[in-house]
Protein chains: 4
Amino acid sequence: MFEQEEMLIQQLFDEEKLTEKQGKILLAAIESFSEKGYASTSTSEIAKKAGVAEGTIFRHYKTKKDLLMAIVTPIMAKVIGPYIVNDFDKVLNQQYDRIEDFLRAAIDNRRNVIKKLLPVVKIMLQEIPFQPELREQFIDLIAKNLFGRVSNIIEDYQKKGQIIDIPPASVARLMITSVMGYLFSRYILFPDALWDDELETERTIQFIMNGLGKRE
Amino acid sequence: MFEQEEMLIQQLFDEEKLTEKQGKILLAAIESFSEKGYASTSTSEIAKKAGVAEGTIFRHYKTKKDLLMAIVTPIMAKVIGPYIVNDFDKVLNQQYDRIEDFLRAAIDNRRNVIKKLLPVVKIMLQEIPFQPELREQFIDLIAKNLFGRVSNIIEDYQKKGQIIDIPPASVARLMITSVMGYLFSRYILFPDALWDDELETERTIQFIMNGLGKRE
Amino acid sequence: MFEQEEMLIQQLFDEEKLTEKQGKILLAAIESFSEKGYASTSTSEIAKKAGVAEGTIFRHYKTKKDLLMAIVTPIMAKVIGPYIVNDFDKVLNQQYDRIEDFLRAAIDNRRNVIKKLLPVVKIMLQEIPFQPELREQFIDLIAKNLFGRVSNIIEDYQKKGQIIDIPPASVARLMITSVMGYLFSRYILFPDALWDDELETERTIQFIMNGLGKRE
Amino acid sequence: MFEQEEMLIQQLFDEEKLTEKQGKILLAAIESFSEKGYASTSTSEIAKKAGVAEGTIFRHYKTKKDLLMAIVTPIMAKVIGPYIVNDFDKVLNQQYDRIEDFLRAAIDNRRNVIKKLLPVVKIMLQEIPFQPELREQFIDLIAKNLFGRVSNIIEDYQKKGQIIDIPPASVARLMITSVMGYLFSRYILFPDALWDDELETERTIQFIMNGLGKRE
DNA sequence: CATGAATGAGACTTCATTCAT
DNA sequence: AATGAATGAAGTCTCATTCAT
């Protein structure tokens, strides 16, 4: 197991005690699911890649879907969740005086995480439409949590006169999809292109600021 | 078969001669693929939903993947293609003097199409990562065609002084992801929310214009 | 397929149209289930014995349990049912003046049937405790139908003074278990012993008659 | 563990030294086997129900079949065996002058035992057809021992003129199946019906006596 | 003695595809 | 062209049993 991969595993699953084999199974599953899709990956394939008997998979995860959930659920709970809570709380606590500083911090500090967790993110995005359980979790997280918090922040900045006066929900949508659009282009659509990350981050921020900022 | 569905079929497949059964098969496949995913839909299920015998599917489409391609390929060729060619040509031909007019026209006039073709678009997006054939087609279409043409237009507007001077590729990315982000939120993420389409379209356009437009 | 076996199949399943392979599957399943028990018989074993692909079994019977039911249910409906209806109706219609004649007819004329259907009867008896569905059917048939009708007949004979005056349910129990006990000993417990069937039938009848008959 | 269950275990296995875990395993196995059948019960299920680790079962019983045998064999050796030896010896020793007294004693004094051991009896009856080892034991016990002894007794009573002159084997069959038929109806077929045990016992005895007794 | 992770053979079942009718 | 029975490879999952701890 490579060091980097070990870290991924630890980052996602650190709280639970994992057998060595369990870790190998998770890694193998993540790789296969993200390459070929959940439905097109067979458990025997995962077993082979993990160097484990097929039965071993089912000792730890009652069904194939359980295995999927074991991979995808923590990403929601541990990665997207903190993302919202920690960073946005800093904003709420006035740690960033200007929105652009917040945006820059958020994008920058998450790029590493996202890059490392890319396979899992891919799996998650693929399966959300088909797993009602995931879908609910996701909607909850995004719609209620992310949108909610962002909307609060936005109202704040609107009061300060830094953001134009359109409904916070619309502002949130435009902001979030711009950031996501950048990350999606960068890491999913064209991961192989040459990107000057600092520059593109700056451009994205400028774009958002111009699009939403209030000018006197 | 409902009228609306018939129209969908005709819109996508009108040039070829489709038997009645073939139409039913396509509709059934589209519905199932978009609901459960390509890999998780069985041909026997499609046959049942289409009201034909299992063998009949394979008389028209040699393999299950052929059936998928028969559904997804025309969307690329006939829907995204013309989208680019027709509308952008109008832009290039100076039919829209200002970008915002073009954006408004493009978004407006495609909303209906997209809504109707939503299931097929979903299937396409789902399968692009796993079907190299599709992936190539898509990259070709988007990367070379869409990005290429849009870049041309952008250079044009940049020369006219309507758009700020950053690389056209970046401008294109920001523009396209903003529009897509809107459509994605509108039709895929939160199709059930109440949307004031005219207003949101306008806001999106304003956002883009502010974000990218040059001010004197 | 042997002639005798064909007849068994026809007798049990004649009304439905069976493919040739379906017939082979049923025969193979009956043989294996009755030899090794339902739970210890694998579908691959049945397929091999039937000379059929394993998938073919599941084309006709959605699950292994469906196959069991397809075998056992008709025995209840078509063999035990008519047994009751036809013969007991004759009794009710006074075709047998004395009970012993009825008993003799009933035992005699069913011995052949039972002998031929023995494997299926064995399967049925084995599985009744574990398949609630079967259990219900059986209780219904035996408790309500058989016991009910027999009780009626008994009351009749009691009025005629041919049977002693204890509750018809008790009489029924004693009669039925005596006959069943005979058939069970004869065909299930000691099928290989030498039996003088006529004589043992007669003795059983005499036993019942003495045990229950009224003497002046 | 309930008191009653402990007694069951002790009754069956008292001579051997059982660890506490062993006792729990046996009880759990008896419960599961009798509810779902031997083949359909998994060892892991038994382990869970017994509150022991999966491996522990195999420390005490080399195979699953060994566990079955450990349950069923004592029932033959210790319950049916003594049943025959003790009681019938009393008969042979003229402790019961009349058959009906013997029958009454036998049925009465065993009802409790049978009720308590019912699950084990069920398992035994279920598995006899499929376990040659059990089958042999059973045939030996029933055919040679029970039938043999009963036949002796019967000849005795026939000499005394209390039983009609038909072959002792036939008498034995009729007697045994009548008693068994009663117990079977009482405890297996309709355990939930309301039974007046004393009365039904008496009726069964009367039935047998009338059916087989000699009248002057 | 006891544990429980690991195994691998094999269970049931699904499914894309073929082919005789 | 259409059917649907048949196939057999492959899929998910179970389970009795072993063995290092």
Side-chain angles (χ1 to χ4, degrees), chain A residues 17-22 24-25 39-48 50-67, chain B residues 19-22 25 39-48 50-68, chain C residues 17-22 24-25 39-48 50-67, chain D residues 19-22 25 39-48 50-68:
Chain A
K17 317 137 202 162
L18 293 181
T19 335
E20 187 210 342
K21 307 237 168 197
Q22 222 171 334
K24 283 186 188 162
I25 290 169
S40 301
T41 300
S42 74
T43 51
S44 83
E45 198 186 327
I46 294 170
K48 208 174 293 165
V52 149
E54 204 168 349
T56 306
I57 293 176
F58 291 94
R59 165 159 289 277
H60 295 291
Y61 306 97
K62 268 166 77 81
T63 65
K64 190 187 170 191
K65 190 169 285 179
D66 277 7
L67 176 56
Chain B
T19 59
E20 191 207 342
K21 305 231 168 200
Q22 230 169 330
I25 290 170
S40 301
T41 299
S42 73
T43 51
S44 84
E45 196 187 328
I46 294 170
K48 202 180 293 164
V52 305
E54 295 186 50
T56 306
I57 292 176
F58 291 90
R59 179 152 299 280
H60 294 289
Y61 306 96
K62 254 170 77 78
T63 68
K64 190 187 171 191
K65 191 168 287 180
D66 279 6
L67 176 55
L68 172 65
Chain C
K17 314 138 205 161
L18 294 181
T19 337
E20 188 209 342
K21 306 237 167 195
Q22 222 171 336
K24 283 185 189 163
I25 290 168
S40 302
T41 300
S42 73
T43 50
S44 83
E45 198 186 326
I46 294 171
K48 209 174 293 166
V52 150
E54 206 169 345
T56 307
I57 294 176
F58 291 92
R59 165 158 291 276
H60 295 290
Y61 306 96
K62 267 166 78 81
T63 65
K64 191 187 170 193
K65 190 169 285 180
D66 276 8
L67 175 57
Chain D
T19 60
E20 190 206 342
K21 305 232 169 197
Q22 228 170 332
I25 290 170
S40 301
T41 299
S42 73
T43 51
S44 82
E45 195 187 329
I46 294 170
K48 200 178 296 165
V52 304
E54 294 185 50
T56 306
I57 293 177
F58 291 91
R59 180 152 298 280
H60 294 288
Y61 306 96
K62 255 170 75 81
T63 67
K64 188 186 172 192
K65 192 169 285 180
D66 278 5
L67 176 56
L68 173 64

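Naming convention: chains lettered A, B, ... in sequence-line order (proteins, then strands); numbering from 1 in each chain. All of these numbers come straight from a predicted model, not from anything done at the bench.
If you find the closest nucleotide of DNA chain E to T56(A) and to V52(D), the one lying nearer the 5' end belongs to V52(D).
Applying the side-chain hydrogen bond (donor to acceptor under 3.5 Å, both in side chains) criterion to K65(D), with sequence neighbours excluded, gives Q131(D).
In the model, T43(C) has a side-chain atom that pairs as donor or acceptor with a side-chain atom of E54(C) under 3.5 Å.
Atom CD1 of I57(B) is separated from atom C1' of dG4(F) by 12 Å (rounded to the nearest Å). Per the geometry, NE2 belonging to H60(C) stands 16 Å off P belonging to dT13(E), to the nearest Å. The interatomic distance linking K48(C) (NZ) with dT7(F) (P) rounds to 15 Å, in whole Å. To the nearest angstrom, C1' of dC15(F) lies 15 Å from CG of L67(D). In this structure, K21(A) places its NZ atom 9 Å from C1' of dT7(E), rounding to the nearest Å. Separating the CD1 atom of I46(C) from the P atom of dA11(E) is a distance of 11 Å, rounded to the nearest angstrom. With rounding to whole Å, I25(A) atom CD1 is found 14 Å from dC13(F) atom P. Computed from coordinates, the Y61(C) OH to dC12(E) C1' distance equals 17 Å when rounded to whole Å.
Helical stems involving DNA chain E, defined as 3 or more consecutive Watson-Crick or G-U pairs under 3.5 Å, span E:2-21 with F:2-21.
Side chain of K64(C) to main chain of T41(C): a donor-acceptor pair is present (N/O by atom type, distance under 3.5 Å, no hydrogens or angles).
Scanning all heavy atoms of the two residues, the minimum distance from Y61(C) to I25(C) falls at CE1-CG2, 4.3 Å. Nearest heavy-atom pair, S40(B) versus A39(A), reported as atom, atom and distance to 0.1 Å: OG-CB, 3.5 Å.
Nucleic acid contact for T19(A): sugar-phosphate only, since backbone atoms but no base atoms lie under 4.0 Å from a heavy atom of the residue.
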Under 4.0 Å protein heavy-atom contact, by nucleotide of nucleotides 16-21 of chain E - B base, S sugar-phosphate only: BBB---
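Test H60(B), K21(B), R59(B) against V52(B) for side-chain contact (heavy atoms from CB on, under 4.5 Å) and you get one pass: K21(B).
Contact of the I46(D) side chain with the L67(D) side chain is registered, since non-hydrogen atoms from C-beta on lie closer than 4.5 Å.
To the nearest 0.5 Å, the span separating NZ on K24(A) from OG1 on T56(A) amounts to 11.0 Å.
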